[in-house]
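Data first, discussion second: the structure below is written as structure tokens.
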Amino acid sequence: MKVKITSSRVVKPKYGGGVAPSTGESVPLNVFDRVTYDVHIAVIYAFRPPNPPNAALEQGLARALAVYREWAGRLGDGPDGRPAVLLSDAGARLVEATVDAPLARSMPFKPSPELLRLHPSIDGPVEELVQVQLTRFACGSLVVGFTAHHHVADGQATGSFLVAWGLATRRLPVGPPPVCDRATRFQPRDPPLVEFPHRGTEYYLPAKRRAAGEDGDEDEEIGGAAHDKIKVHKVLFAKEFVARLKARASSSGLPPTAQRRGYSTFESVVGHLWRAVTAARGLGAGEATRLRISVNGRARMRPPVPREFFGNMVLWAFPRADAGDLVSRPVQHAADLIHRAVSRVDDAYFRSFIDFASSGAVEAEGLAPTADESQVVLCPDLEVDSWLGINFYDLDFGGGCPFYFMPSYLPMEGTMFLLPSFLGDGGIEAYVSLFEGHLEEFKRICYNIA
């Protein structure tokens, strides 16, 4: 796939009536923004023709940026010295590109380095908080590569912005509008009540990690060498397979209460993948394995946070198991561990985190977020990001919704992304990053239900 870049420019917000707000303001990052990954997340969309011209998509982007103004700003320090989004209206990056071949020749996209050609680079410092690449293929198909900085918004908020971009391109009202109150919504209690441990979960002490041999120059060298040996593999679980997996997870061997409840699609699929990856890695009895699962707090807090809240509202659940026990016992055991760990990340947990992160302990102790994008290898652990409930497929520029959507290439060993199947049939796609030496065994066993 030979991608030719034809232009690159900055798109600034376009305000109705020509009245622009002040560009000297800033919005402080809240405790959830600061604890998440300091990185751009990239995704790929594919649209069949007909598609609107690039000029229409550019105008739509400018109108959407006027509503979601933080995306047009820059990260920096506010007047009080705290990390903030500077509302500078400096704009988003728009790249135009062409491929002199039909899209069908490259479909379905494989999770490989070739995907990096379909969106602007996210290596090194990137000023713009949003970047877009519009790649036109000879057949009239359009591929949209989109990158967004995670400090500004989580997956749900980013999905809402993408839908708004489509609406603005079609000159429809952008709604419902985002709720932009990140600076004031999550205030600590008086007096604070830190009920749960947040060191070792959301935060860690870098000096201790180095002393334990989990960081430092040697680890960086290992990580650099490992990068070339990590492969990203896409697994497609058909609707029928998911149904059988859920039935198996909710079958015999569970406590009576668990049998009545059953397990969700997410719990069943992630439990199955956790067991398969652990077995493929060759981990055994006496070796601990842990999942890191993103948990959206909007519906968990009391009162609930509006779905339209723009920013980050995610913490993590950390189910743990002995590797030998996990693999030898049936999938319902793994699903139950996941269910119980995620259930614990409730309103009390979120409020405990707010109190802890606002207490000054992070700064006083020199703590750093455990969400560390520089970690190349997670083995024996895994990180799970579920996009099953995010409206990424609702992006419509006027020619219909995308026929294909996927994360970009991310060779970070031990990461898993879950998406609804592009077939729209109720199946699930899982993008799994593993060492090449473990991947063949994973492929062999990942469709076995036990």
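- Every salt bridge (charged side-chain N to carboxylate O under 4.0 Å, His left out) that D181 has, sequence neighbours left out, goes to R185.
- Legend: ring-ring contact (aromatic ring centres under 6.0 Å, His included) pairs involving residues 169-190, not counting sequence neighbours, sorted by first then second residue: F32-F186, F186-F309.
- The shortest distance between side-chain heavy atoms of L367 and E202 does not fall below 4.5 Å.
- By the ring pair (Phe, Tyr, Trp, His ring centres under 6.0 Å) test, H151 is found to be paired with H149, residues two or more places apart in sequence or in another chain being considered.
- The pair E96-R9 counts as a salt bridge, with a side-chain nitrogen and a carboxylate oxygen less than 4.0 angstrom apart.
- Summarising the geometry of S121 relative to V126, their closest heavy-atom pair is O-CG2, 3.7 Å, with the distance given to 0.1 Å.
- By the 4.5 Å heavy-atom criterion applied to side chains, L87 and E70 are counted as neighbours.
- Listed for the R351 side chain is a donor-acceptor partner under 3.5 Å among the backbone atoms of R302.
- Side-chain rings of Y349 and H198 approach one another, their centers coming within less than 6.0 Å.
- Between V85 and L29 there is a side-chain heavy-atom pair separated by less than 4.5 Å.
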Donor-acceptor contacts under 3.5 Å from residues 418-429 side chains, at least two apart:
unit_1, atom_1, unit_2, atom_2, d
S421, OG, L423, N, 3.1
D425, OD1, G427, N, 3.0
E429, OE1, Y431, OH, 3.2
E429, OE2, F422, N, 2.9

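- Other residues, nucleotides and ligands contribute only 12 or fewer heavy atoms inside 6.0 Å of the NZ atom of K12.
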Name every donor-acceptor pair, under 3.5 Å, that has one atom in a side chain of residues 100-110 and the other anywhere in the protein, sequence neighbours excluded.
none

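- Two residues are said to be in side-chain contact when any heavy atoms from C-beta on lie closer than 4.5 Å; Y15 and D89 meet this criterion.
- Between the side chains of T289 and R281, no donor-acceptor pair is found at a separation under 3.5 Å.
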Review item, side-chain donor-acceptor pairs of residues 159-167, under 3.5 Å, at least two apart:
unit_1, atom_1, unit_2, atom_2, d
S160, OG, Q156, O, 3.2
W165, NE1, L57, O, 3.0

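- A donor-acceptor pair under 3.5 Å is absent between the side-chain atoms of Y45 and the main chain of C401, judged by distance alone.
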